[in-house]
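Read the structure below first, then the notes.
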Amino acid sequence: MQSLKIICPNGHLGFAPLKPGSFHIGVEAGPDFIAADSGSDDIGPVPLGNDTCASPKAWQEHDLEEMLLASRRIGVPMIIGSSGDTGTNSRVDMYVEMIREIAARHKLPPFKLGWFYSEVDKELVREKIRSGNVHGLDARPALTEEELDATSRIVAMAGVHPFCALLDQGCDVIIGGRSSDSAVFAGAALARGFPEAQSYYLGKVLECASFCAEPYGAKETVLGEVTKDWVEVTAMSPAQRCTIASVAGHAMYERSNPFHEFVAGGMLDMTDCVYEQVSEKTTRVTGMRFVPAEEFRVKLEGSGKIGERFVGMAGIRDPYTIAHVDEVIEWARTQVRERFGDEGWELHYNVFGRNGIMGDLEPLKDKPGHELLIVVQGVAPTKEMAEEVTITGTRQLFYARLPDVKGTAGGVSFVLDEVMPASPAYRWTINHTMAVSDPLELFPTHTAIVG
Amino acid sequence: MSVKKLSDLAKTIRSKNAGTDKITFDIIFRERDTYEKVKRSGVLTRQSVCRILNADPARLTDFVEYDPACAIKFTILRLRPSGSPGDADIFGAQQYAPFLDVEVNVPD
């Protein structure tokens, strides 16, 4: 095989639906694979901890159906990574079931379905902690057993290995657990014998679909082509082009360093990449390198539950009260303290119109607007207590005792005189790497004939 | 010399999570000439971006002038991981606004 083509219709399958127009153009371009990643840690720790999706089922099914029908029609494999936003075992099972249902509904001829899991048992991680094998990423210290105990669920980030293993077994459709975005595509190229550097770069450039094209427009299909010497990427949408600027710019998207991409088993070095516009919609990239890792380390993501959570809201228009909003908040906090004591609950206040979005980073925090919205989050071990903490922390804003306030009938405005149940509060407890001896040991694979 | 705002010179000014513990900022220029002028002006440095964001310089993990994309890119550690209760920007996508109005002295 001289070259291999992969189309990617969506940078995060399910999070918003793919655009069918450019996808169908991509399918007609004769790809060898149709692939997309379906997860991200961008969505915060709640879906992983709570084992839920951030995406509506209808959008996930929409994209899986488009991709499966196209893949079966033209007879090329379809690959999905990080199923259902988080890539937990239940999300993989859910996507496998969706594939079976779509196949049955359309009476598709039999095909081989492969899938793998990415969840990691806490006791395995505990053993690795005790042998000093779990290192922190992004300035985090090594993982402690205390943090492990505070963790609700852990997934490991698969590299190309389970994808390659399932392709080697002849799978037509692969549903992956949590995996590196780029591995979904790189695995396909590596399984077909292309070199590591070009394969990983292909994955890197395709992972976010049309984010590597311009003008800006998400959820449009792009086509990547790899040979042993270069990678080319082409926008499929009639309105978009892959330019040197858009492709080079994408290399730095969502990462701290635009030159180095760490994956399970090595590092893609983009320092000496050369970009060339080869036609109106296509950019060619050469000069990428791959540096194998000396030790095989897998990234772990873990989320731990803090407590149940409710949310309240209150507005302020009085300029005097706006100037003293911190005292208003402190009054409400004090009422919660008097009811529940100093510990065992949390109250978080975001003051929109002052520094609600940026917090301490906000340069204009001393210049609040003429009206403010305070969003209150109360967290406690039970729903009953979280509700009472939140309603106290919200309604007592109304009764705050400011010495010179003119409006004595109520200190804040309410859109709703109630508090709303929210998802439980979680936090990212694990952002670490763990040494393993076998690249497949954390990612058990399965296959079945569907149809 | 004339004074221009960074938002008038750059094609893209954005912020986004880089993993769960960092936010990365990209300032991207359409023309190489403009990019070089902004680089030479010295308004964006390790020190100045921390000052503009009122962030302890120890939080700055990366500062890169990325020539292939005509981009200046820097990354800070979050004080708490993304999506912790109280974090109002789970994606880190609305942290770039202070850079829009940064004034740059550019040769005419």
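Chain letters run A, B, ... following the sequence lines, proteins first, then strands; residues in each count from 1.
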Chi angles and distances behind the side-chain contact (heavy atoms from CB on, under 4.5 Å) call for A:Met252, B:Asp26: CA-CA 8 Å; A:Met252 66 182 175; B:Asp26 300 335; 4.1 Å; yes
A:Lys365 versus chain B, the contacting section by heavy-atom distance below 4.5 Å: side chain
Enclosure of B:Arg30 CZ (heavy-atom neighbours >12, cutoff 6.0 Å): no
Between B:Ser84 and A:Trp428: side-chain donor-acceptor atoms closer than 3.5 Å: no
Heavy-atom pair of closest approach, residues A:Pro258 and B:Lys73: CD-CD, 4.1 Å
Side-chain (B:Lys16) to main-chain (A:Arg255) donor-acceptor, under 3.5 angstrom: no
Heavy-atom pairs under 4.5 Å with chain A, option from B:Cys70, B:Ser15, B:Gly86, B:Ala97 with the top count: B:Gly86
Spacing of B:Asp101 atom CG and A:Leu364 atom CG [to the nearest 0.5 Å]: 8.5 Å
Student check: side-chain heavy atoms of B:Pro81 and A:Arg140 closer than 4.5 Å: yes
Nearest-0.5 Å distance, CD of residue A:Glu214 to OG1 of residue B:Thr12: 8.5 Å
Between CG on residue B:Asp87 and CD on residue A:Gln377, distance to nearest 0.5 Å: 9.0 Å
Close side-chain approach of B:Asn54 and A:Leu361, heavy atoms under 4.5 Å: no
Residue among A:Ile306, A:Val311, A:Val46, A:Leu347 satisfying side-chain contact (heavy atoms from CB on, under 4.5 Å) with B:Pro85: A:Ile306
When B:Ile28, B:Val64, B:Leu79 are compared by non-hydrogen pairs under 4.5 Å with chain A, the top option: B:Val64
Close side-chain approach of B:Leu53 and A:Met358, heavy atoms under 4.5 Å: yes
B:Asp62 versus chain A, the contacting section by heavy-atom distance below 4.5 Å: side chain
Rounded distance [0.5 Å steps], CG in A:Asp138 versus OG1 in B:Thr61: 7.5 Å
For B:Ser82 against A:Pro45, the heavy-atom pair lying closest together: O-CD, 3.3 Å
Part of B:Ile52 lying under 4.5 Å from any heavy atom of chain A: backbone
Under 4.5 Å from a heavy atom of chain A, the part of B:Arg78 involved: neither
Side-chain heavy atoms of A:Glu301 within contact of B:Thr20, under 4.5 Å: no
Side chain B:Gln95, main chain A:Ile357, donor-acceptor under 3.5 Å: yes
Separation between CD1 of A:Ile43 and CD1 of B:Ile90, rounded to the nearest 0.5 Å: 9.5 Å
Pairs of heavy atoms under 4.5 Å with chain B: top-ranked of A:Tyr275, A:Phe259, A:Tyr216, A:Tyr349: A:Phe259
Proximal component of A:Asp42, with respect to chain B [non-hydrogen, under 4.5 Å]: both
Atom pair CZ (B:Phe63) and CG (A:Asn257), whose distance is rounded to the nearest 0.5 Å: 13.5 Å
Top contributor to chain B interface from A:Ala248, A:Ser256, A:Ala139 [non-hydrogen pairs under 4.5 Å]: A:Ser256
